[in-house]
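Report on one structure; see the data block that follows.
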Amino acid sequence: MKKNPARVASIRLGLCCSFSEHPIKFRNTTVKANSNMERKAALAKLAKLCAENAEALQAALQFCLDNRIGCFRINSQILPLKTHVDCGYTMADLPEGDEIVQRFRACGDFAKKHHIRMSFHPDQFVVLNSPREEVVDRSVAELEYQAEVAEWVGADVVNIHGGGAYGDKEGALEAFAKNLSRLSDRARSRLTLENDDTTYAPSDLLPLCRTEGIPLVYDVHHHRCKTDELSVEKATQEAMGTWDREPLFHISSPIEGWDGAAPKRHHDFIDIADFPDCWRDKDLTIEVEAKAKELAVLRLRKDLGG
């Protein structure tokens, strides 16, 4: 059946964090390098990195505008070492910290003007249902930091996985729900939950999402790796029902194909056969998780006829 090209335009493709060929770079540093400096010098270096990353974000958003890419996922280390137990800092600690915040706010103004969505996807160490209290403490701190930057730039998604099962999947999800109360309103209102390729399929997370009002970021690649009783079409429908704004989903393709030895590993590009037909006529943000980054997004848009 011929696709309706008018509906393809409703799909907002997302670029994740970095670039393959375009010369836009986000800066970072190491705990070792920071710890070897006197605190005043270390804060000055961190301030410089944060300011440069704000400039890089502005450049990334301009690239998205110029290339009709509708979403950009911000790197978790946009403020390097922000929550580290020894090297962490507040913006008030940094030289010209207020000015750095204003640079990020300007990015948000630009994105709003040009209808570019932004999101965050905290690192794997963010586990809200860990039985280790120190892990939960670090997870909450990381979510609060990313929600703070999300507020500056107008990002509406801070997306995490369900965490571990710890031998009791139901109990682990109950612990996740319990720890939601530790989040501020700005973190809680942006929090989303994603099915993974090992532990939590969509059907595992949907009851929690409905009960707690957490949107489900449906990752179709993960679902094909960690299957359940739901079809892709049904999971899409159920996930969309958890959103009170434009749903955000993920797509990727296996590096060696679905018959290869490691289907969980991501390919450089998206095989158009992996793009669900049921997504084509829906209003969605779809983040493209592919190693070729901007090249993969641009190729997928072309393959979709956009």
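The chain is numbered in sequence order, starting from 1.
How far CD of Glu212 is from CG of Leu173: 10.5 Å, rounded to the nearest 0.5 Å. The CG atom of Asp283 sits 9.0 Å away from the CD1 atom of Ile11 when rounded to the nearest 0.5 Å. The distance from atom OG1 of Thr29 to atom CG of Leu49, rounded to the nearest 0.5 Å, is 6.0 Å. Note that NZ of Lys291 and CG of Asp268 are 6.5 Å apart. Values are rounded to the nearest 0.5 Å.
No more than 12 heavy-atom neighbours from other residues, nucleotides or ligands sit within 6.0 angstrom of CG on Asp259. Within 6.0 Å of CZ on Arg299 lie no more than 12 heavy atoms contributed by other residues, nucleotides or ligands. Atom CD of Glu170 is surrounded by 12 or fewer heavy atoms from other residues, nucleotides or ligands within 6.0 Å.
Both Ile272 and Val288 belong to a single network of hydrophobic side chains, linked directly or stepwise wherever heavy atoms of I, L, V, M, F, W or Y lie under 4.5 Å apart. If you chain together hydrophobic residues whose side chains sit under 4.5 Å apart, Val220 and Ile255 never meet in one group. Follow the hydrophobic side-chain contacts under 4.5 Å out from Met118 and you reach Trp152 in the same cluster. Note: the hydrophobic cluster containing Val85 does not contain Met91 (ILVMFWY, side chain heavy atoms under 4.5 Å, direct or indirect links).
Side-chain N/O atoms of Glu289 and His221 include no donor and acceptor closer than 3.5 Å. For the residue pair Gln62 / Asp66, a side-chain donor-acceptor distance below 3.5 Å is found, with atom types taken as modelled. No hydrogens or angles considered: a donor-acceptor pair under 3.5 Å links the side chains of Glu194 and His121. With hydrogens and angles left out, the side-chain atoms of Asn34 and His84 include no donor and acceptor closer than 3.5 Å.
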Might you work through the ring pair (Phe, Tyr, Trp, His ring centres under 6.0 Å) test for His222 and His161, ending with a clear yes or no?
CA-CA 11 Å; His222 288 169; His161 292 282; 5.8 Å; yes

Report the C-alpha distance between Lys169 and Asp204 in whole Å, list the side-chain angles of each, state the deciding distance to 0.1 Å, and finish with yes or no for salt bridge (charged side-chain N to carboxylate O under 4.0 Å, His left out).
CA-CA 9 Å; Lys169 189 176 290 187; Asp204 294 318; 3.4 Å; yes

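Looking at Arg103 and Glu99, a side-chain N of the basic residue comes within less than 4.0 Å of a carboxylate O on the acidic one, giving a salt bridge. Ionic pairing of Arg132 and Glu134 is present here: one or more N-O contacts between side-chain nitrogen and carboxylate oxygen are shorter than 4.0 angstrom. Salt-bridge formation is detected for the pair Glu133/Arg182: a Lys NZ or Arg NE/NH1/NH2 atom is positioned less than 4.0 Å from an Asp or Glu carboxylate oxygen. Look at Asp156 and Arg245 and you find a salt bridge, because one of the NZ, NE, NH1 or NH2 atoms lies within 4.0 Å of a carboxylate O, short of that distance. A salt bridge does not link Arg138 with Glu142: every distance from a Lys NZ or Arg NE/NH1/NH2 to an Asp or Glu carboxylate oxygen is 4.0 Å or more. With respect to the salt-bridge test (charged N to carboxylate O, under 4.0 angstrom), the residues Lys178 and Glu174 do not qualify. A salt bridge is defined here as a Lys NZ or Arg NE, NH1 or NH2 lying under 4.0 Å from an Asp or Glu carboxylate O, and Arg210 with Glu238 meets this definition.
A donor-acceptor pair is defined here as one N or O able to donate and one able to accept, closer than 3.5 Å; such a pair exists between the side chain of Trp243 and the backbone of Leu216. A donor-acceptor pair under 3.5 Å is absent between the side-chain atoms of Lys302 and the main chain of Leu298, judged by distance alone. Between the Lys112 side chain and the Gly154 main chain, no donor and acceptor come within less than 3.5 Å of each other. Here the side chain of Asn53 pairs no donor or acceptor atom with the backbone of Phe26 at under 3.5 angstrom. A side-chain donor-acceptor contact under 3.5 Å links Ser253 to the backbone of Asp271. A distance-only check finds a donor-acceptor pair linking the side chain of Arg117 to the backbone of Glu246 [under 3.5 Å]. Remark: side-chain polar atoms of Asn195 are paired, donor with acceptor, to backbone N or O of Asp219 under 3.5 angstrom. Using a distance-only test at 3.5 Å, with no hydrogens or angles considered, a donor-acceptor pair links the side chain of Glu294 to the main chain of Ser20. With hydrogens and angles disregarded, no donor-acceptor distance shorter than 3.5 Å links the side chain of Arg280 to the backbone of Pro276. Checking side-chain atoms of Asp93 against main-chain N and O of Tyr89 turns up no donor-acceptor pair under 3.5 Å.
The shortest distance between side-chain heavy atoms of Leu295 and Glu21 falls below 4.5 Å. Between Leu46 and Lys82 the shortest side-chain heavy-atom distance does not fall below 4.5 Å. No side-chain heavy atom of Val135 sits under 4.5 Å from any side-chain heavy atom of Phe125. Residues Leu143 and Val140 are not in side-chain contact: their nearest non-hydrogen atoms beyond the backbone lie 4.5 Å or more apart. Under the 4.5 Å side-chain criterion, counting only non-hydrogen atoms from C-beta, His22 is in contact with Phe63. For the pair Val217/Leu193, no side-chain contact is recorded, criterion being any heavy-atom separation below 4.5 Å from C-beta on. Side chains of Tyr218 and Leu230 form no contact here, defined as non-hydrogen atoms less than 4.5 Å apart. Taking 4.5 Å as the limit, some side-chain heavy atom of Ile214 sits within range of a side-chain heavy atom of Leu180.
Among all heavy-atom pairs drawn from Asn129 and Ala172, the shortest one is CB-O, 3.2 Å. Here the closest non-hydrogen pair linking Leu248 and Ser119 is CD1-CB, 4.2 Å. Of all non-hydrogen atoms in Arg12 and Gly70, the two that sit nearest each other are CD-O, 2.9 Å. Taking all atoms of both residues into account, the shortest heavy-atom contact from Pro122 to Asn159 is CD-O, 3.0 Å. Across Gly88 and Arg39, no two heavy atoms sit closer than the pair O-NH2, 2.7 Å. In plain terms, the two heavy atoms of Phe104 and Ile78 that are nearest each other are CE2-CG1, 3.6 Å.
Evaluated for a side chain to side chain contact (heavy atoms under 4.5 Å, CB included) with Cys50, the options Val101, Val149, Leu79 yield exactly one hit, Leu79.
Taking the six-membered ring where tryptophan is involved, the planes of Phe19 and Phe72 are essentially parallel, since the angle between them stays under 30° and well short of 60°. Under the 30°/60° scheme for interplanar angles, the aromatic rings of Phe269 and His267 are found to be tilted.
Remark: Arg73 is not positioned above the aromatic ring of Phe120, lacking an NZ or CZ atom under 6.0 angstrom from the ring centre and at most 45 degrees off the axis.
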